[in-house]
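Structure first, then comments.
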Protein chains: 2
Amino acid sequence: MANLFILRNYAQKLPSELPSSILFSHSSETLTIYDAYPKSKFHFLILPRVKPESELSVNDLESLKSLLAGDKTRAKQVMDALKENADILCKEIETEMVKRYGFKWPIWIGFHGAPSMHHLHLHVLSADLCSEKMKNKKHYNSFHPKHGFFLHMDDVLSWFDAEPSYFKTMAALEEKKYEALLKDDMSCWKCGSAMKNMPTLKSHLQEEWDKEASRAKAKAERKRKLEEKQKNTESRAQKEEASDAHTDKKQKVSTPEND
Amino acid sequence: MANLFILRNYAQKLPSELPSSILFSHSSETLTIYDAYPKSKFHFLILPRVKPESELSVNDLESLKSLLAGDKTRAKQVMDALKENADILCKEIETEMVKRYGFKWPIWIGFHGAPSMHHLHLHVLSADLCSEKMKNKKHYNSFHPKHGFFLHMDDVLSWFDAEPSYFKTMAALEEKKYEALLKDDMSCWKCGSAMKNMPTLKSHLQEEWDKEASRAKAKAERKRKLEEKQKNTESRAQKEEASDAHTDKKQKVSTPEND
DNA sequence: TATTCCGATAGTGAC
DNA sequence: GTCACTATCGGAATGAG
């Protein structure tokens, strides 16, 4: 992504004009592309498409800031379209999580408070931040879910329902304020412990994810065994039913609790 | 030189205890060693030896600052011994310059205003600052002959003959003041032009030395030819003398001027 | 906060 | 200002038309 305007470029094209190595999917209002430098195991961008017939110009769609500075109703329509497609994307990511890793884990959906690249883009990425492309503090802090630079979609949507003065304050999106956040010391987004450099952070994040994977897989294994047991019980019950049709010992098995 | 006390260690040993890879020569009062990380084509250190019978302790010899803070007469004796051996060393370096490079160039003799290594050490180095070991700004500024951090021996000796108040001021050698000099922007010690980074500086210094070498060799060549011509003239004169003994056309040939 | 390249800068550990 | 190692920080170029 040497070109700061490449997203704007994509957003003005027809889906058929974009290679499948870039475009993952599309809707009438949005394009979903692979982030060229994924900062998590799964990382996509959803862009609002630039349409000649739309009342929103390419300049309105420059960024979250420019969008929120314009007509609020039209802004909300763009946000809703992005949100809708993010939710669809999440389901697809989850399917792929199970296929590749055997379990699901959370997904974050949000914007950067002070993006570098032109054209509004919604980040949809898995909650791990484990990636070779995660190379420096700015990368990391920009996706830390509690640090303030990463603006969760649901939080941004809530601004629309708040007091107009609050909306106005949040929508100002002062670059300086957000840029400063990127220089802060790093901490693990999961356990909160201080991380003094990138190598340490990256090892730690890998460990956190490995723990998460172990837990999830153990849970999946318990569930599988329980279901197997239930199945046996059912088939035994069926045999018993067949041989002793006047009794019914079948009972519902509750799903194991989260741990 | 991972050990900050290694010079003190050397200074307390007998010359016979030091390997020839470290010790170049010695006198009753001094040791001349090879700088382990030469910042010029020739770079030596002269250390005052620590002697049990001396009135100067190892602490007096800790640094130029500590030496000048003590008895002035004894300090002057140490300085004179260092100076005497530096002058001898210079002659030996010059001989080696001619042997290796075919010409001589200046040699700097002086102290660092704020040394890191313990035990007083006088730097004797050729005026080029061309060396693989010259790696950063601090290295360079610490030997720049006009920057202030490098204290030329003759200047330091002149303090002894100045007003006591001036001696006291200069002898204070405030570390903070000298350390600050090392952070200044770099400039060529020869032509004064600004040098914005080390690679640029090092190429430039190499060019300066190459020019100097060309000039010196051209000069040496002119001298050689002139001497040859003189020799021919002489031998012709001898022949003429032999054949015509009553005339004397021999005349002195002046050394060519510096350019 | 697009990446990448280059180089300066900063902290550490050395025995 | 000892070195060597690691990592961070800081500027500049970048590509396309």
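These numbers come from the heavy atoms of this one structure, side chains and all, not from hydrogens, waters or symmetry mates. Each chain gets a letter, A, B and so on, in the order its sequence line appears, and its residues count up from 1.
At the heavy-atom level, A:His139 lies under 4.0 Å from the strands shown only through sugar-phosphate atoms. Across all strands, B:His119 comes closer than 4.0 Å to no nucleic acid atom at all (heavy-atom distances). Residue contacts shown for A:Lys39 are limited to sugar-phosphate atoms, with no base heavy atom under 4.0 Å away.
Here D:dG15 presents its C1' atom at 15 Å from CG of A:Leu7, a figure rounded to the nearest Å. The distance between atom CG of A:Leu4 and atom C1' of D:dA12, rounded to the nearest whole Å, is 13 Å. If you measure from atom CE of A:Met195 to atom P of D:dA7, you get 15 Å, rounded to the nearest angstrom. If you take CD1 of A:Ile6 and P of D:dA16, they are 9 Å apart, rounded to a whole angstrom. The distance between atom CZ of B:Phe5 and atom C1' of C:dA14, rounded to the nearest whole Å, is 13 Å. Remark: P of C:dC6 and NZ of B:Lys202 are 18 Å apart, rounded to the nearest angstrom. In this structure, the CG atom of B:Leu182 is 12 Å from the P atom of D:dC3, given to the nearest Å. Across the protein-nucleic acid pair, A:Glu132 atom CD and C:dT3 atom C1' stand 15 Å apart, rounded to whole Å.
Applying the 6.0 Å contact sphere to NZ of B:Lys51 captures more than 12 heavy atoms from other residues, nucleotides or ligands. Surrounding CD of A:Glu96 are more than 12 heavy atoms belonging to other residues, nucleotides or ligands, all under 6.0 Å away.
Contacts classified as side chain to side chain donor-acceptor pair (under 3.5 Å) and involving residues 13-30 of chain B (residues at least two apart or in different chains) are given here: B:Ser27-B:Thr30, B:Ser27-B:Asn85, B:Thr30-B:Asn85.
Using modelled atom types and a 3.5 Å distance limit, the side chains of B:Ser126 and B:Asp128 yield a donor-acceptor pair. At a cut-off of 3.5 Å, with distance as the only test, a side-chain donor of A:Asp60 or A:Ser57 sits close to an acceptor on the other residue.
Note on ring orientation: taking the six-membered ring where Trp is involved, the planes of A:Phe143 and A:Phe150 are tilted (angle from 30° to 60°).
Nucleotides C:dT3 and D:dG17, compared at atom P, are 22 Å apart to the nearest Å.
Nearest-nucleotide positions on DNA chain C for A:Lys133 and A:Ala114 put A:Ala114 closer to the 5' end.
DNA chain D contains the following stems of three or more consecutive Watson-Crick or G-U pairs, with both distances under 3.5 Å: C:2-14 with D:2-14.
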Output a table of nitrogen or oxygen pairs between the protein and nucleotides 8-11 of chain C separated by less than 3.5 Å.
from  : atom 1 : to       : atom 2 : distance (Å)
C:dA8 : OP1    : B:Met198 : N      : 2.6

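With sequence neighbours left out, B:Phe149 forms a ring pair (Phe, Tyr, Trp, His ring centres under 6.0 Å) with B:His112.
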Identify every side-chain donor-acceptor pair in residues 74-84 of chain A under 3.5 Å, counting partners at least two apart or on other chains, and give the distances.
from    : atom 1 : to       : atom 2 : distance (Å)
A:Arg74 : NH2    : A:Glu55  : OE1    : 3.1
A:Lys76 : NZ     : A:Asp80  : OD1    : 3.0
A:Lys76 : NZ     : A:Asp80  : OD2    : 3.2
A:Lys83 : NZ     : A:Asp154 : OD1    : 2.9

Output side-chain donor-acceptor pairs under 3.5 Å for residues 199-210 of chain B, partner residues at least two apart or in another chain, one line each.
from     : atom 1 : to       : atom 2 : distance (Å)
B:Thr200 : OG1    : B:Asn197 : OD1    : 2.6
B:Lys202 : NZ     : B:Ser131 : O      : 2.8
B:Lys202 : NZ     : B:Met134 : O      : 2.9
B:Ser203 : OG     : B:Pro199 : O      : 2.9
B:His204 : NE2    : B:Glu208 : OE2    : 3.1
B:Gln206 : NE2    : B:Asp210 : OD1    : 3.0

